[in-house]
Peer 1: 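The structure that follows is given in the form of structure tokens.
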Amino acid sequence: MLEFLIKIEFGSRVDYNFKLIVFDANLVAYVLKQPEDSSFAKLGDKMSDDSGLGSGGYDWNTEDELEIESFHSSCTTVPYGQTSGSRSLEENSFAAGPSNTKVFDSLINMGFHPEMVAKVIQEYGEENEHKLVEELLTYQELERSSQQQQQVEPDPTSSEYAASSWDDSSDNDDSSDEEIPKSLSKNDNTLLSLVKMGFNEEEALMALERLGPNSSLEELVDFISVAQLVKSEDALLPPEDKPQCNGHAKPRKRTLYESEVLGRKKPKVFEKRTCEEDDEAQAIHLPNPMVGFGIPTDPNSIITHRRLPHDANGPPYFYYENVALTPKGVWQTISRFLYDVEPEYVDSKYFCAAARKRGYIHNLPIANRYPLLPLPARTIQDAFPLLKKWWPSWDPRTKLNCLQTVHASAKLTQRIRAAVEQLQDFDDPPENVKKYVLEQCRKWNLVWVGKNKVAPLEPDEVEILLGFPKYHTRGGGISRTDRFKSLGNSFQVDTVAYHLSVLKEMFPDGINVLSLFSGIGGAEVALHKLGVLLKNVVSVEKSQVNRDIVRSWWEQTNQKGNLIDMDDVQQLDADRLEQLMSTFGAFDLIVGGSPCNNLAGSNRVNRIGLEGSESALFYDYFRILDLVKGMTPRFQ
DNA sequence: CCCACGATGACCGTCACG
DNA sequence: CGTGACGGTCATCGTGGG
């Protein structure tokens, strides 16, 4: 079966090639002059450095992209599969090069195909991982859109099988995951031979994958030669045909690919990303005021209709959350993974007395939302009436800032007391004292708890602000520090409940929930408060204390359904999901907020973006969501 | 009006230590 | 387990210049 596909694929590839014939005499000359140079990568790097513009701006990887594209949509049956099998492939293909396996590993862990990862690393180097992710996403988009195209208008000569093979096997990736790398690892020697012959290992690898494990060395050499020729063909595009892109090389090949190969409507993503300026222009910017598609307290703010990208539609419904203020580009990446759904940015200060700026990406309907009742107090003074007595007139705060995992030290509150005690007139302090005190109060979310006294909030108070039952996190062996930590990492229940409220009417008999990174169960509490019956909840949470909290809440609220908890998202693979779904049926909702450690502004140590060790768990959310999405039709 | 510039403020945190 | 020390990025806003 695999061989059959590959052969057809090869045919289709040749079709593509002929659409792209443009010769680059310079490049051909260069290649010929250096027949012993085994690494075309050098050339590629050199070229892409001064990239895009001018006569030297040869776009080395144009053909690679086609290769990836066509290979991926046909041979590989798991779009973003991540397997141990891929490892061997990765190691083999990189053994010869000076590769940073950390970067490679991390990209593989995000679920990208090793082949694609190898390509982009070669093209862009390893230092800018974010860039690499962007590129990989771009490839994925391309793949997705062409896959759709194929489904809509199958091409009898080349590509109809692609859609069907993909569809048929998207549910059981096990077979394919193993199949491809196995066959490749059997060809280590062949690969080695090709590299020794002076071929770039990537090209060799590509050829091997293309022609199958049983192809002869001659065939492979032939294939690579043709590939090289075609690469060079692409390079002679007249410069004026190349969009001017601020010195960045890649965009041209996309437009080329779209117009020449796809020849059909351009995927939105590529239009957006044609030039750097467009990147800027379409950068997701935060709404002001940050009310998302509306808040219950301002009917004028409410939008009841939006258009979801086709791929985004359920089942299952999904709901993803993370901090709104991330390093640049993070939400673009998240959004592109999550089927290009536009984030809904909401500040929970419109739901409670504390700010909490978060982005939510979900495919839920947005009409007829309703809030939990009673509405929580939305000012500090209403939420904590006892504080009013001590609140100075010159502290204008009515809302708290974001509730975090840490709180102010006793020493700081002591310093503030000292500063305030010295005042001759408490109600009218000098400007510098006022400024210092207010600054610290805002920074640490301090409240006035007595004469000259400020203090951080207690965990019980944080629970209330976040919409949890009082003492939700108290007792059962959890320390005060851990309470702050768990609460600081949690959902604001009222905000999430408002978004999830549409489920109540849709699922009168209850829902099955897959809750990833559950924490202290913000989503579960929200659903329960909404009166949505929880039939089966599979909850994945690393922290034991958090799992205990959820379990204890589950028992305390006399839930009739099942709570299955797990400690590691990595355990949740296709097999496990298959097992769960065949026991309970399909999941109706996949909810989760992945760790923000490497994104949050409070992190001074390693706020390194989505590829950070914690925040990269987002890719597991996506991986699992995408798996479930593929499996769901069978369990409906 | 537009743009550049600086000031201001907010931020689901990490680490070593006792 | 509690404590206390540790900046930088990013968005917004006001200002002054063209």
Side-chain angles (χ1 to χ4, degrees), chain A residues 130 280 283-290 320-332 334 345-349 352 354-360 396-397 399-416 431 435-446 455-459 462-463 465-468 473 477-493 495-496 516-523 541-543 545-546 592-610 612-615 617-618 621:
Chain A
H130 179 73
E280 298 289 324
I284 302 174
H285 59 278
L286 301 168
N288 189 10
M290 197 182 277
Y320 174 80
E321 178 260 13
N322 215 322
V323 290
L325 289 101
T326 63
K328 272 185 178 169
V330 168
W331 273 106
Q332 278 93 329
I334 293 175
Y345 295 107
V346 184
D347 189 338
S348 292
K349 74 179 181 184
C352 68
R356 206 166 185 79
K357 297 180 187 65
R358 295 293 179 267
Y360 304 88
R397 293 176 298 152
K399 306 269 188 192
L400 292 158
N401 282 333
C402 186
L403 304 165
Q404 303 194 126
T405 59
V406 289
H407 58 277
S409 62
K411 200 174 257 180
L412 176 70
T413 59
Q414 163 61 25
R415 279 200 291 266
I416 290 173
E431 205 57 41
K435 191 181 172 205
Y436 166 71
V437 173
L438 282 179
E439 216 173 78
Q440 295 303 315
C441 284
R442 283 195 239 259
K443 187 170 178 179
W444 291 103
N445 258 339
L446 303 172
L457 293 166
E458 287 298 305
V462 178
E463 284 167 349
L465 285 166
L466 290 177
F468 287 92
T473 61
I478 186 173
S479 70
R480 188 181 147 86
T481 310
D482 278 347
R483 285 183 79 187
F484 276 117
K485 188 172 171 187
S486 294
L487 286 162
N489 284 319
S490 173
F491 285 170
Q492 206 287 325
V493 170
T495 312
V496 172
L516 304 175
F517 316 108
S518 305
I520 56 175
E541 167 58 39
K542 194 173 77 168
S543 153
V545 287
N546 285 350
S594 64
C596 66
N597 306 34
N598 308 113
L599 310 177
S602 315
N603 191 335
R604 308 176 178 197
V605 183
N606 46 11
R607 190 189 187 191
I608 52 178
L610 202 55
S613 56
E614 314 295 321
S615 297
L617 288 168
F618 158 72
Y621 178 89

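Chain letters run A, B, ... following the sequence lines, proteins first, then strands; residues in each count from 1. The figures here come from the full heavy-atom set of this structure, side chains too, leaving out hydrogens, waters and symmetry mates. Given the structure is predicted, the values throughout are model-derived calculations rather than measurements.
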Peer 1: Once side chain to side chain contact (heavy atoms under 4.5 Å, CB included) is applied, do any residues pair with E321(A), and if so which ones, sequence neighbours excluded?
Peer 2: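 In terms of side chain to side chain contact (heavy atoms under 4.5 Å, CB included), with neighbours along the sequence ignored, E321(A) is linked to R358(A), Y360(A), F491(A).
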Peer 1: Can you list every pair that meets salt bridge (Lys or Arg N to Asp or Glu O under 4.0 Å) and has a residue in residues 594-606 of chain A, with sequence neighbours left out?
Peer 2: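 Sorted result for residues 594-606 of chain A: empty, none.
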Peer 1: Given 3.5 Å as the limit, does a donor-acceptor pair link the side chain of S348(A) with the main chain of A355(A), or not?
Peer 2: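 The answer is no, because no donor-acceptor pair under 3.5 Å joins these two groups.
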Peer 1: Using a heavy-atom cut-off of under 4.0 Å over every strand shown, decide if R356(A) touches base, sugar-phosphate, or nothing.
Peer 2: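 The residue R356(A) makes base contact.
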Peer 1: Return the nearest nucleotide to the side chain of R480(A); candidates are dA10(B), dG2(C), dC12(B).
Peer 2: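 The nucleotide sitting nearest to the side chain is dG2(C).
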Peer 1: Can you name the nearest heavy-atom pair linking F484(A) to P459(A), along with the distance?
Peer 2: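 Taking F484(A) first and P459(A) second, the nearest heavy atoms are CZ-CD, 3.5 Å.
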Peer 1: Rounded to the Å, how far apart are M290(A) CE and dC11(B) C1'?
Peer 2: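 To the nearest whole Å, that distance equals 12 Å.
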Peer 1: Taking C-beta and beyond as the side chain, do I334(A) and T326(A) meet within less than 4.5 Å on heavy atoms?
Peer 2: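 A side-chain contact is absent here, since even the closest heavy-atom pair is not under 4.5 Å.
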Peer 1: Counting the atoms with a prime plus P, OP1 and OP2 as sugar-phosphate, which does E321(A) contact under 4.0 Å by heavy atoms, base, sugar-phosphate, or nothing?
Peer 2: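 Counting heavy atoms under 4.0 Å across all strands, the contact made by E321(A) includes a base.
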Peer 1: Once you round it to whole Å, what is the distance between C1' of dT3(C) and CG of D482(A)?
Peer 2: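 Distance check: D482(A) CG to dT3(C) C1' gives 15 Å.
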Peer 1: dC1(C) P sits how many Å from F484(A) CZ, rounded?
Peer 2: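 The answer, rounded to whole Å, is 15 Å.
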Peer 1: Any ion pair linking E458(A) and R483(A) (charged N to carboxylate O, less than 4.0 Å)?
Peer 2: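 The answer is no: the pair does not qualify as a salt bridge.
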Peer 1: Between T413(A) and A455(A), which heavy-atom pair has the shortest distance, and what is it?
Peer 2: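 Residues T413(A) and A455(A), closest heavy atoms: CG2-CA, 4.2 Å.
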Peer 1: Please name the pair of heavy atoms, one in R607(A) and one in L325(A), separated by the smallest distance, quoted to 0.1 Å.
Peer 2: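 Minimum heavy-atom contact is NH2-O, 3.0 Å.
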Peer 1: What's the closest nucleotide to the side chain of S479(A) if the choices are dC11(B), dA10(B), dG2(C)?
Peer 2: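 Closest nucleotide to the S479(A) side chain: dG2(C).
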Peer 1: Stepwise, does the side chain to side chain contact (heavy atoms under 4.5 Å, CB included) test hold for N322(A) with S594(A)?
Peer 2: CA-CA 7 Å; N322(A) 215 322; S594(A) 64; 3.4 Å; yes
Peer 1: Answer with base, sugar-phosphate or nothing: what part of the nucleic acid does N606(A) contact at a heavy-atom distance below 4.0 Å?
Peer 2: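 Answer is sugar-phosphate: N606(A) comes under 4.0 Å of backbone atoms only.
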Peer 1: Between K357(A) (NZ) and dC12(B) (P), how many Å, whole number?
Peer 2: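 That distance rounds to 8 Å.
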Peer 1: Rounded to whole angstroms, how far apart are NE2 on H407(A) and C1' on dT3(C)?
Peer 2: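 Interatomic distance, NE2 of H407(A) to C1' of dT3(C): 8 Å.
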Peer 1: Answer yes or no: does a side-chain N or O of N597(A) lie under 4.0 Å from OP1 or OP2 of dT14(B)?
Peer 2: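 Indeed, a polar side-chain atom of N597(A) lies that close.
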Peer 1: Taking only N/O atoms, report every protein-nucleotides 5-15 of chain C pair under 3.5 Å with atom names and distance.
Peer 2:
{"residue": "dC6(C)", "atom": "N1", "partner": "R604(A)", "partner atom": "NH1", "Å": "3.1"}
{"residue": "dC6(C)", "atom": "N3", "partner": "R604(A)", "partner atom": "NH1", "Å": "3.4"}
{"residue": "dG7(C)", "atom": "N1", "partner": "G601(A)", "partner atom": "O", "Å": "3.3"}
{"residue": "dG7(C)", "atom": "N2", "partner": "G601(A)", "partner atom": "O", "Å": "2.9"}
{"residue": "dG7(C)", "atom": "N2", "partner": "N603(A)", "partner atom": "O", "Å": "3.1"}
{"residue": "dG8(C)", "atom": "N2", "partner": "G601(A)", "partner atom": "O", "Å": "3.0"}
{"residue": "dG8(C)", "atom": "N2", "partner": "R607(A)", "partner atom": "NH1", "Å": "3.4"}
{"residue": "dC10(C)", "atom": "OP1", "partner": "K328(A)", "partner atom": "N", "Å": "3.0"}
{"residue": "dT12(C)", "atom": "OP1", "partner": "L286(A)", "partner atom": "O", "Å": "3.4"}
{"residue": "dC13(C)", "atom": "OP1", "partner": "N288(A)", "partner atom": "ND2", "Å": "3.4"}

Peer 1: Provide, to the nearest angstrom, the distance between the CD atom belonging to Q404(A) and the P atom belonging to dC12(B).
Peer 2: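 Between P of dC12(B) and CD of Q404(A): 6 Å.
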Peer 1: Dump the pairs, protein N or O against N or O of nucleotides 5-8 of chain B, anything under 3.5 Å, distances to one decimal.
Peer 2:
none

Peer 1: Give a yes or no on this: more than 12 heavy atoms of other residues, nucleotides or ligands lie within 6.0 Å of atom NZ of K542(A).
Peer 2: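 Counting other residues, nucleotides and ligands, NZ of K542(A) stays at 12 neighbours or fewer.
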Peer 1: With sugar-phosphate meaning primed atoms plus P, OP1 and OP2, does S615(A) contact a base, only sugar-phosphate, or nothing at under 4.0 Å between heavy atoms?
Peer 2: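 Touches nothing.
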Peer 1: Give the rounded distance in Å between these two atoms: OH of Y320(A) and P of dC12(B).
Peer 2: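 Computing the Y320(A):OH to dC12(B):P distance gives 13 Å.
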Peer 1: Got a sec, which residues hit side-chain hydrogen bond (donor to acceptor under 3.5 Å, both in side chains) with D347(A), two or more places apart in sequence or on another chain?
Peer 2: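 side-chain hydrogen bond (donor to acceptor under 3.5 Å, both in side chains) check on D347(A) returns nothing, list empty.
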Peer 1: Any base atoms under 4.0 Å from C402(A), or only sugar-phosphate, or nothing? Heavy atoms, all strands.
Peer 2: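 Since only primed, P, OP1 and OP2 atoms lie under 4.0 Å of C402(A), the category is sugar-phosphate.
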Peer 1: Give the dot-bracket string for DNA chain C, reading 5' to 3', where a pair is Watson-Crick or G-U wobble with both distances under 3.5 Å, ( ) marks pairs inside the strand, [ ] marks pairs crossing earlier ones, | marks a partner on another strand, and . marks unpaired.
Peer 2: ||||||.|||||||||||
Peer 1: Strictly below 4.0 Å: does R358(A) bring a side-chain N or O up to OP1 or OP2 of dC12(B)?
Peer 2: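 For dC12(B), OP1 or OP2 has a side-chain N or O of R358(A) closer than 4.0 Å.
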Peer 1: Between atom OH in Y345(A) and atom C1' in dA10(B), what is the gap in whole Å?
Peer 2: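 Distance, rounded to whole Å: 16 Å.
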Peer 1: Specify the residue among A408(A) and I478(A) whose closest nucleotide of DNA chain C lies further upstream toward the 5′ end.
Peer 2: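 The residue whose closest nucleotide sits nearer the 5' end is I478(A).
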Peer 1: Classify the ring geometry between W331(A) and Y345(A) as parallel (under 30°), tilted (30 to 60°) or perpendicular (over 60°).
Peer 2: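 The arrangement is perpendicular - the two ring planes meet at more than 60°.
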Peer 1: How far apart are the C-alpha atoms of L487(A) and L403(A), what are their side-chain angles, what is the distance that settles it, and do they pass the side chain to side chain contact (heavy atoms under 4.5 Å, CB included) test?
Peer 2: CA-CA 8 Å; L487(A) 286 162; L403(A) 304 165; over 6 Å; no
Peer 1: When you check the phosphate oxygens OP1 and OP2 of dG2(C), does a side-chain N or O of T481(A) lie under 4.0 Å from one of them?
Peer 2: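 For dG2(C), OP1/OP2 do have a side-chain N/O of T481(A) under 4.0 Å.
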